[in-house]
Amino acid sequence: MQANQTETVLRNDSANPPAEFLNRDLSWLAFNQRVLCEATDERTPLLERLRFLGIFTSNLDEFFMKRVGALKRQILDGAITRTPDGLTPPESLTSIRQALLPLLREQADCYRKILHPRLAEIGVQVLEWEQLTDAEREASHKYFADNVFPVLTPLAVDPGSPFPFISNLSISLGVILQHPDRAEPLFARVKVPEVLPKWVNFANPGEGFRFVSLHELIRHNLHDLFPDMAIVDVMLFRVTRNVDLERDEEDVEDLRQLMEDELRQRRFADAVRLEHGPNPNAWIRNFLLAELELTQDDVYELDSELNFNDLKVITDLNLPQYRAEPWVPVVPKQLADEESDIFAVIRSGDLLVHHPYESFNASVERFVKAAASDPKVMAIKMTLYRTGDASPFISTLVRAAEAHKQVVCLIELKARFDEERNIMMASMLEKAGV
């Protein structure tokens, strides 16, 4: 998209902002650099180092969806506010890119030059298609036919078929096809399915691990998807979309309905980033840039994985010697007796609990459960900002409401990237009478 030609720049009072001001976005990138340092630190256990590469990636995804998306929306709106350190949104985007490129190279080098070889040394081999044995390739063809082929939906672009919608953070294969009866090449997109493991282990039981990526399996079985066409070239890519949508909460009557509408809009929001692997096909790259309305500065070429979070199947392997020792929270001395009355403990004196070092389950969770079952408790009122799918509080509050207690729960529907879960939790509680 093109920015408006006329722009209103809102400047600071000072033309030369104090040097003490830190740029918000560059400061955040410095934080994420410290996350990357956990992956490059030799003292960190091997599988944890790989996990930190994934955390670095997921943090960066949120940064692009929210912060870069907000800067791009400002540019399109034409009302540009300088940051406290004096940068306009276009200048901020340039600074972000300059700061980020060396971090992405460091992430790729950490994996390719250090972690990948060390994984192989402990029997965890992460392989390319060419490294598979003939027997493994045969097994992979069967796996593709039985498990992958049924869930693939290749979409080609031609005069009768528009450019397909590419969902946020999904990994896709861009394919150049040549039909025997047409002079012009065709573009097709094959989405790597999210319902299947992104890495498949073809090693025999007890013989270590030999992983190959799902996109490699798809890439080398494309002839099954396009049997009558020549496959000219293939490029792996990933698209990030803006989640910083403008919303007016002033006169809204139902915040939940507003957030549900926003979640639906996010699926179709503007793209803000295109990622691809090394040695990209120029034709596919330019085609994607045109269709997604992105510029060259929105493209990031990655020298290794597009999404290190997909390696979770490896970081979760049962190899405890290469993982951090699990932390077991300490149960406070006053709560050591699980059969004691927690209300009596509270009446006896103040109890300060320090999480995560002291047990949340043995203190807060136990307290709420006791309140839900105690016939003397008439009302429970609490706030939930973020809660996991396995949170015990939802079922506890439902049980308390069913016991005819007055239960009130304030849920933050705007908790960034947890909106959908919180809306679902709120609906579940309302149905139960909370």
Side-chain angles (χ1 to χ4, degrees), residues 31-32 34-35 37-39 41-52 54-56 58-59 62 312 315-418 421-422 424-426 428-429 432-434:
F31 148 74
N32 209 28
R34 294 195 291 276
V35 174
C37 286
E38 294 289 342
D41 191 336
E42 291 285 344
R43 297 169 296 180
T44 306
L46 180 58
L47 294 184
E48 302 299 339
R49 296 177 72 177
L50 191 62
R51 192 187 306 278
F52 274 110
I55 296 172
F56 176 86
S58 60
N59 286 348
E62 291 190 9
K312 189 176 185 297
T315 61
D316 289 346
L317 289 174
N318 187 24
L319 298 170
Q321 65 273 38
Y322 301 107
R323 299 172 66 177
E325 264 187 61
W327 170 254
V328 180
V330 176
V331 176
K333 183 173 65 174
Q334 298 96 315
L335 299 175
D337 182 4
E338 296 181 3
E339 302 301 322
S340 64
D341 179 6
I342 193 169
F343 295 109
V345 174
I346 295 172
R347 280 194 298 270
S348 67
D350 292 339
L351 174 59
L352 176 66
V353 186
H354 192 182
H355 305 307
Y357 307 104
E358 292 181 301
S359 174
F360 184 83
N361 296 349
S363 55
V364 178
E365 183 179 331
R366 176 180 168 187
F367 171 66
V368 177
K369 283 185 176 179
S373 58
D374 191 323
K376 295 181 180 179
V377 172
M378 301 176 64
I380 298 175
K381 301 180 181 182
M382 65 186 297
T383 297
L384 289 176
Y385 181 66
R386 297 184 191 272
T387 183
D389 293 330
S391 169
F393 292 116
I394 303 301
S395 58
T396 299
L397 294 178
V398 168
R399 190 168 65 252
E402 291 173 346
H404 306 294
K405 298 181 186 295
Q406 176 67 27
V407 184
V408 179
C409 183
L410 175 65
I411 294 183
E412 176 53 88
L413 299 184
K414 297 183 292 181
R416 181 68 68 175
F417 301 112
D418 274 335
R421 178 189 289 116
N422 284 5
M424 180 184 70
M425 298 295 183
M428 189 183 306
L429 290 174
V434 176

Report task. Taking salt bridge (Lys or Arg N to Asp or Glu O under 4.0 Å) as the test, write out the residues that go with R34, two or more places apart. Result -> none

Requested in this report: Any chance you could measure M425, atom CE, to M428, atom CE, to the nearest 0.5 Å?
Outcome: 5.5 Å

Report task. Answer yes or no: is there a side-chain heavy-atom contact under 4.5 Å between D41 and R49? Result -> no

Report task. Can you measure from NZ (K405) to CG (L397) and round to the nearest 0.5 angstrom? Result -> 12.0 Å

Report task. Check whether any side-chain heavy atom of V331 sits under 4.5 Å from a side-chain heavy atom of P329, and report yes or no. Result -> no

Requested in this report: Kindly indicate, with the supporting measurements, whether the criterion side chain to side chain contact (heavy atoms under 4.5 Å, CB included) is fulfilled by F31 and N59.
Outcome: CA-CA 10 Å; F31 148 74; N59 286 348; 4.0 Å; yes

Result block: side-chain N/O donor-acceptor pairs under 3.5 angstrom for residues 362-384, not counting sequence neighbours:
residue, atom, partner, partner atom, Å
S363, OG, S359, O, 2.6
S363, OG, F360, O, 3.3
E365, OE2, K369, NZ, 3.1
R366, NH1, L335, O, 3.2
R366, NH2, D337, O, 3.2
R366, NH2, S340, O, 2.7
R366, NH2, S340, OG, 3.0
S373, OG, K369, O, 3.2
S373, OG, A370, O, 3.3
D374, OD1, K376, N, 2.8

Requested in this report: Would you indicate whether the side-chain heavy atoms of K312 and T315 approach each other to under 4.5 Å?
Outcome: yes

Query raised in the report: Which residue pairs satisfy the side-chain hydrogen bond (donor to acceptor under 3.5 Å, both in side chains) criterion with at least one member in residues 323-335, sequence neighbours excluded?
Result: none

Query - Partners meeting side chain to side chain donor-acceptor pair (under 3.5 Å) with R347 (sequence neighbours left out) - result: none

Query raised in the report: Which atom names give the shortest non-hydrogen contact between A401 and A432, and what distance separates them?
Result: CB-O, 3.6 Å

Requested in this report: Taking atom OH of Y357 as the centre, report whether more than 12 heavy atoms of other residues, nucleotides or ligands fall under 6.0 Å from it.
Outcome: no

Query - Set of side chain to side chain donor-acceptor pair (under 3.5 Å) partners for E48, sequence neighbours left out - result: R51

Query raised in the report: Is there a side-chain contact between L429 and I394, using heavy atoms and a 4.5 Å cut-off?
Result: yes

Query raised in the report: Which residues satisfy the side chain to side chain donor-acceptor pair (under 3.5 Å) test with S391, sequence neighbours excluded?
Result: T387

Query - H355, NE2: over 12 other non-hydrogen atoms inside 6.0 angstrom - result: yes

**Report entry** Minimum side-chain heavy-atom gap I55-N32 below 4.5 Å
**Finding:** no

Query raised in the report: Which distance, rounded to the nearest 0.5 Å, do you find between the CG of L47 and the CG of N318?
Result: 10.5 Å

